[in-house]
Amino acid sequence: MSEFPIDYAAVFQALPGAVLLLTPELMIADANEALLRRAGRQRRQVVGHHLFDVFPDNPRDPDATGTRNLRASLERVLATGLTDTMALQRYDVELPGRPGVFEERYWSPVNAPVLDADGRVRLIVHRTEEVTETLRAGAPRDHGGAPQRMTAELYARAQELQQLNDRLRQAHARERLVGLALQEAMLPAPRPVGHHRAAVRYRPAVGALNVCGDWYDLAELSGDRMAVAVGDVVGHGLEAACVMGQLRSALSAATLVTPGPARALEVLGIYARSVEGAESATAVEAFIDWSSHTIAYSSAGHPPPALLHPDGRVELLDGATDPPLGARPEHVDRPEALVSFADDAVLVLYTDGLIERRREDIDVGLARLAASLTRHRGAGAETLADALLAELLPPDGATDDTALVVIRL
């Protein structure tokens, strides 16, 4: 455990209750004295062995679910990196010195991850409090004269709660798959435009259904030209994603029949007035022309694209900014600006989740973006996209949806 920045062994031994330290393979790396005492085992009988070899289900109980439930909880911790609190469990214990003889026990377990510097689960702390005597002591003596009956009823209610939680997890998993399919249909991986390639990324906010209202779009134009856009719909989840799909499709169509990004956003703004949920949506679009080495761009209330020049200088394209889509009651021509670029420059379009933080001025986030771009200016588009997400998004997950497009010019 020397790879961890603090003395986990000391912290582990100080934890209350019976505690095991498990590897991702569910091998027992350590056990505290309380667990050894309750289990009636010596350390050499526990440490270095697989969890379910040391603590199997009662083979005489065909209805035993202890190992199955515990394994499912531990697998959830490994998959999510989050603590999992289990319902009350019956998990019989084999009596010391009496092989094959099990005693009925009840437990309240919690499984928590130990993460390394990269956020991966390296160990699991399995902490459990035995509640057998508490359950039986709490059973009224006039309850049919049988405290065991009350214990059985309490355990049955706990199992019903666990089954309900399992059904909710399954429903959430199905909903998540629907969301993923919807997101992939709306935001497919972009095809190469001529010999030009773009790296794209999207990350939903923490707690969102893996779908978001942020979007990107790329289109091939006549000549050696490409249109690229990103946008942001207020809100998260399926409702925002549906609005996002409508706006993305409308802008994609407008881009192909208008002379520049400003006119395309004008058309999109008119359309947005008729779409419920599109209020205050933002978007930015750029037309890249490799024959003239110019970028024409226009923004509807969106954070400015960043142009990374070959010398490491970062230019924020904020010369053509206007209010969000549908914000004006009457039509007004949107502004458009033109900027030149040199070979091997990089254009980055993104949504505000990449740069904004609560209680922080947006200029701080923009400066952080510029510094990261300069630091990785020699990287390819895919590598640069990954580096930006790794350095700019909060380590515990994005608090807002994030879309990102990186094009090496």
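The analysis underlying the following values was restricted to heavy atoms, covering all of them including side chains, and did not include hydrogens, waters or symmetry mates. The first residue of the sequence shown is numbered 1, and numbering continues consecutively from there.
Counting heavy atoms from C-beta on, the side chains of Asp386 and Arg201 come closer than 4.5 Å. Taking 4.5 Å as the limit, some side-chain heavy atom of His50 sits within range of a side-chain heavy atom of Leu26. Under the 4.5 Å side-chain criterion, counting only non-hydrogen atoms from C-beta, Thr67 is not in contact with Arg71. Annotation: side chain of Leu404 is not in contact with side chain of Val200 (no heavy-atom distance under 4.5 Å). Side-chain contact between Arg122 and Pro24 is absent, with no heavy-atom pair separated by less than 4.5 Å. The side-chain heavy atoms of Val339 and Glu315, taken from C-beta on, include a pair separated by under 4.5 Å. Two residues are said to be in side-chain contact when any heavy atoms from C-beta on lie closer than 4.5 Å; Pro113 and Thr83 meet this criterion. Counting heavy atoms from C-beta on, the side chains of Val233 and Asp214 never come closer than 4.5 Å.
Judged by distance alone, with hydrogens and angles left aside, the side-chain atoms of Glu285 form no donor-acceptor pair with the main-chain N or O of Ala229 at under 3.5 Å. Counting only distance, with no hydrogens or angles, the side chain of Ser372 and the backbone of Leu369 share no donor-acceptor pair below 3.5 Å. Remark: the backbone N or O of Asn111 is not paired with any side-chain donor or acceptor of Arg127 at under 3.5 angstrom. Checking side-chain atoms of Tyr271 against main-chain N and O of Leu251 turns up no donor-acceptor pair under 3.5 Å. One N or O on the side chain of Asp311 and one on the backbone of Arg313 form a donor-acceptor pair closer than 3.5 Å. His309 places no side-chain N or O within donor-acceptor distance of the main-chain N or O of Val346, the cut-off being under 3.5 Å. At least one donor-acceptor pair under 3.5 Å links the side chain of Asn32 to the backbone N or O of Val19. Side-chain N or O atoms of Tyr297 include one that pairs as donor or acceptor with a backbone N or O of Gly319 at under 3.5 Å. No donor-acceptor pair closer than 3.5 Å links the side chain of Thr294 to the backbone N or O of Ser340. Judged by distance alone, with hydrogens and angles left aside, the side-chain atoms of Asp352 form no donor-acceptor pair with the main-chain N or O of Glu356 at under 3.5 Å.
Other residues, nucleotides and ligands contribute only 12 or fewer heavy atoms inside 6.0 Å of the CZ atom of Arg263.
Considering Asp84, Val114, Leu22 as possible partners of Val77, the one that fulfils the side chain to side chain contact (heavy atoms under 4.5 Å, CB included) test is Asp84. None of Thr321, Asp322, Thr282, Thr351 except one satisfies the side-chain hydrogen bond (donor to acceptor under 3.5 Å, both in side chains) rule with His302; the exception is Thr282.
In this structure, CG in Leu308 is found 11.0 Å from NE2 in His376, a value given to the nearest 0.5 Å. Rounding to the nearest 0.5 angstrom, the gap separating the CG atom in Leu349 from the CG atom in Asp217 is 11.5 Å. Taking CG of Leu325 as the start and CD1 of Ile270 as the end, the distance is 11.0 Å to the nearest 0.5 Å. In this structure, CZ in Arg41 is found 11.5 Å from CZ in Arg44, a value given to the nearest 0.5 Å. A distance of 8.5 Å separates CG in Leu36 from CG in Asp30, rounded to the nearest 0.5 Å. Note that CG of Asp343 and CZ of Arg408 are 11.0 Å apart. Values are rounded to the nearest 0.5 Å.
Smallest separation of non-hydrogen atoms from Leu265 and Ser299: CD1-N, 4.0 Å. Here the shortest heavy-atom pairing between Leu268 and Leu247 reads CD1-O, 3.4 Å. Closest non-hydrogen pair, Leu218 versus Ala198, comes out as CD2-CB, 3.5 Å. Closest non-hydrogen pair, Arg377 versus Thr374, comes out as NH1-O, 3.1 Å. A pairwise comparison of heavy atoms in Ala29 and Val47 identifies O-CG1, 3.6 Å as the closest pair. The shortest non-hydrogen separation linking Met27 to Gly48 is CE-O, 3.2 Å.
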Next item on the list: Show your reasoning for whether salt bridge (Lys or Arg N to Asp or Glu O under 4.0 Å) applies to Arg375 and Glu391.
Entry: CA-CA 11 Å; Arg375 193 159 45 247; Glu391 292 186 3; 2.7 Å; yes

Next item on the list: Show the numbers, then the answer: is there a side chain to side chain contact (heavy atoms under 4.5 Å, CB included) between Val348 and Val405?
Entry: CA-CA 6 Å; Val348 178; Val405 181; over 6 Å; no

Notebook entry, point to check: Can you check side chain to side chain contact (heavy atoms under 4.5 Å, CB included) on Val46 and Leu20, steps first, answer last?
Noted result: CA-CA 9 Å; Val46 174; Leu20 286 174; 4.1 Å; yes

Note to self: Determine whether Arg68 and Asp57 satisfy the following criterion, salt bridge (Lys or Arg N to Asp or Glu O under 4.0 Å), listing intermediate values before the conclusion.
What the structure shows: CA-CA 9 Å; Arg68 183 185 67 193; Asp57 266 333; over 6 Å; no

Checklist line | Test side chain to side chain contact (heavy atoms under 4.5 Å, CB included) applied to Leu316 and Leu307, step by step | finding: CA-CA 6 Å; Leu316 297 177; Leu307 179 60; over 6 Å; no

Item checked: Steps toward side chain to side chain contact (heavy atoms under 4.5 Å, CB included) verdict (Thr255, Phe287) -> CA-CA 9 Å; Thr255 295; Phe287 281 24; 3.8 Å; yes

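Ring pair Phe341/Trp290 is perpendicular by interplanar angle, where above 60° counts as perpendicular and below 30° as parallel.
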